[in-house]
Colleague: 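Before anything else, here's the structure in question.
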Amino acid sequence: MQHAGMAEFDPVTGAAPVALPSMRTSTIRFKNLAALEQVAKSSAKGDRAFVYGRAGMDTHGALESIFCELEGAQHACLASSGMAAITLVFLSLLSSGDHVIIADCAYGPVRRLDHALLKRLDIQVSYCKGTVSAIAEHVRSNTKMLYVESPGSLLLEMLDMPALAQYANANNFILATDNTWGIGFYNVLSLGAHVSVVAGTKYVAGHSDLMLGAVMVNDPSLAKKLADTHYALGYSISADDAWLAIRGARTFPLRLQESAANGLKIAQWLAQQNIVDKVYFPALASDSGHAIWQRDCNGGSTGLLSIRLNCSHEAVRRFVDQLKLFGIGFSWGGFESLVQLVDPQAVAPHSYWNNSTQPLVRLYAGLECSDDLIADLEQAFSIIK
Ligand SMILES: *Cc1c(COP(=O)(O)O)cnc(C)c1O
């Protein structure tokens, strides 16, 4: 990954910049028509050829190859946000009259995409638990795609990706999964998913300074559908954002390791606190998804966890307000720790939540010292005990 997307040596000087410059240009000019035709020919062959800004330039190509490397993919399409990447998957691979089954643990705004757009396009949607048996009950004659997320948003519910893939293949469904959590260690494509969608906004960019998404596939026919729709819809991101994301990606493995180690220490500490009823963190032995995590995640994890608390909804607000190092805010994957008091309505549709009425808090452990983060949690709990 460290060498993916590096600049080629100049054939004349034999030199190359280590950091590829941000290629801020909307178009390329050619010396003559033969030169243009040469590039068009290699583009027709399927090579990544740069002729016009909308499809991206060298900086974008370099970032695409980093995403491919991280996901073990042959093809990547960039998008202006994780949500835009998700939208690209739905609009590229589904048509009016098709049906898609979405795991109920998927990222919340996917339901907004459904309400705002898919309904109007007559793309039908069912939601259910992300298991083969639950999905099988919702299949219709026009079902085309299963859209899942593992581990699920907010509660980190691990899904059985190989089983879902086997089921999808047996029924000719496309299996698309949001792999924002697992990019870099959870190889969903090699576990059988056909499409992986990632919010690069989180760990890959990693510094809370840009929005980015990407869609990765191996199958050439899926790649063509995605590329054609990507081009037709005019998806493009700025070269500077691509450049920043590449810079972030160079330290991604180290940042991930540190954040995940902090997450694990915090999860272990939280699991021992009386006020904490349940810790949702697949790398923790007590998590219900731990066995799947052990089998499928190659030891990788993140700094993202949620806790269900034994306290009132009034007390949890005081706890969150009392935290100093965990900033109140959405997102994760940056350098800074964050806390989110989860809206009960956001988690209510997740079958994994089992209709609990207890408060749920999502924590993201960033790159601060884990002892400091634990001390922060401790002092915030102390005021509500
Ligand atoms: C943040 C996030 C997204 C959306 O990414 P944006 O860049 O914010 O649009 C999608 N899926 C998951 C799991 C996320 O955490």
Side-chain angles (χ1 to χ4, degrees), residues 63 67 70-71 76-91 102-114 116-117 127 130 147-159 161 176-186 188 193 195-216 233 235-238 241-242 244-245 248-249 252 255-256 259-260 263 280-282 289 297 300-306 327 329-334 336-340 342-343 346-347 349-350 352 360 362-366:
L63 182 57
F67 273 109
L70 285 169
E71 290 274 85
C77 282
L78 302 179
S80 57
S81 67
M83 199 56 217
I86 293 170
T87 306
L88 180 64
V89 171
F90 282 82
L91 295 182
I102 300 182
D104 62 17
C105 61
Y107 183 63
V110 175
R111 290 171 193 261
R112 291 209 199 166
L113 168 65
D114 173 11
L117 190 62
Y127 300 89
Y147 180 85
V148 303
E149 182 173 326
S150 177
S153 272
L154 302 176
L155 299 172
L156 299 144
E157 174 188 4
M158 288 300 305
L159 305 187
M161 199 62 68
T177 184
D178 184 329
N179 199 32
T180 302
W181 180 89
I183 182 170
F185 58 90
Y186 183 23
V188 290
V195 181
S196 170
V197 49
V198 169
T201 309
K202 309 293 166 53
Y203 272 121
V204 177
H207 295 75
S208 305
D209 52 9
L210 66 99
M211 306 293 294
L212 175 69
V215 182
M216 276 62 65
L233 288 177
Y235 270 65
S236 60
I237 69 167
S238 90
D241 281 351
L244 268 178
F252 166 54
R255 289 183 288 100
L256 177 70
S259 170
Y280 296 91
F281 191 77
C297 295
S301 181
T302 72
L304 197 61
L305 60 140
S306 290
F330 298 104
S331 199
W332 54 285
E336 80 296 9
S337 293
L338 289 168
V339 57
Q340 178 190 342
V342 178
D343 181 346
V347 80
H350 296 216
Y352 195 57
L360 181 72
R362 185 171 85 168
L363 294 166
Y364 165 67

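Not measured: the values here are computed from a predicted model. Counting begins at 1 with the first residue of the sequence. We use all heavy atoms of the structure for the numbers below, so side chains are in, but hydrogens, waters and symmetry mates are not. Counting starts at 1 for both ligands and their atoms, following the listed order.
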Colleague: Does the N or O separation between E149 and ligand 1 drop below 3.5 Å for any pair?
Modeller: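 Such a contact does not occur with ligand 1.
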Colleague: Taking C-beta and beyond as the side chain, do Y127 and P349 meet within less than 4.5 Å on heavy atoms?
Modeller: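 They are not in side-chain contact.
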Colleague: From the options A79, S81, A199, G152, select the one whose nearest heavy atom is closest to atom 5 (O) of ligand 1.
Modeller: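 The option holding the nearest heavy atom is A199.
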Colleague: Checking the N or O distance criterion of under 3.5 Å, is ligand 1 in contact with M211?
Modeller: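 Between M211 and ligand 1 (N or O atoms, distance only) the closest approach is not under 3.5 Å.
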Colleague: Between T177 (side chain) and S196 (backbone), is there a donor-acceptor pair under 3.5 Å?
Modeller: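 Flag not set: sc T177 to bb S196 has no pair under 3.5 Å.
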Colleague: Taking it one step at a time, do Y203 and S259 satisfy side chain to side chain donor-acceptor pair (under 3.5 Å)?
Modeller: CA-CA 10 Å; Y203 272 121; S259 170; 2.6 Å; yes
Colleague: Have a look at ligand 1 and work out which part of W332, if any, has a heavy atom under 4.0 Å from it: side chain, backbone, both or neither.
Modeller: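 W332 to ligand 1: side-chain contact only, backbone stays beyond 4.0 Å.
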Colleague: Would you mind telling me if ligand 1 is within reach of the side chain of M83, the backbone, both or neither, using heavy atoms under 4.0 Å?
Modeller: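 M83 to ligand 1: contacts from backbone and side chain alike.
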Colleague: Just jot down the ligand 1 atoms closer than 4.0 angstrom to any heavy atom of D178, in number order.
Modeller: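 Contacts of ligand 1 toward D178, numbered from 1: 10 (C), 11 (N), 12 (C), 13 (C).
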Colleague: Can you sort out the partners of D114 under salt bridge (charged side-chain N to carboxylate O under 4.0 Å, His left out), two or more places apart, ordered by chain and number?
Modeller: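 Per chain and number, D114 pairs via salt bridge (charged side-chain N to carboxylate O under 4.0 Å, His left out) with K119.
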Colleague: Could you tell me, atom by atom, which parts of ligand 1 come under 4.0 Å of a heavy atom of K202?
Modeller: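 With K202 as reference, the close atoms of ligand 1 come out as 1 (C), 2 (C), 3 (C), 14 (C), 15 (O).
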Colleague: Between the side chain of Y235 and the main-chain N/O of A84, is any donor-acceptor distance below 3.5 Å?
Modeller: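 Side chain of Y235 to backbone of A84, a donor-acceptor pair under 3.5 Å: yes, one is there.
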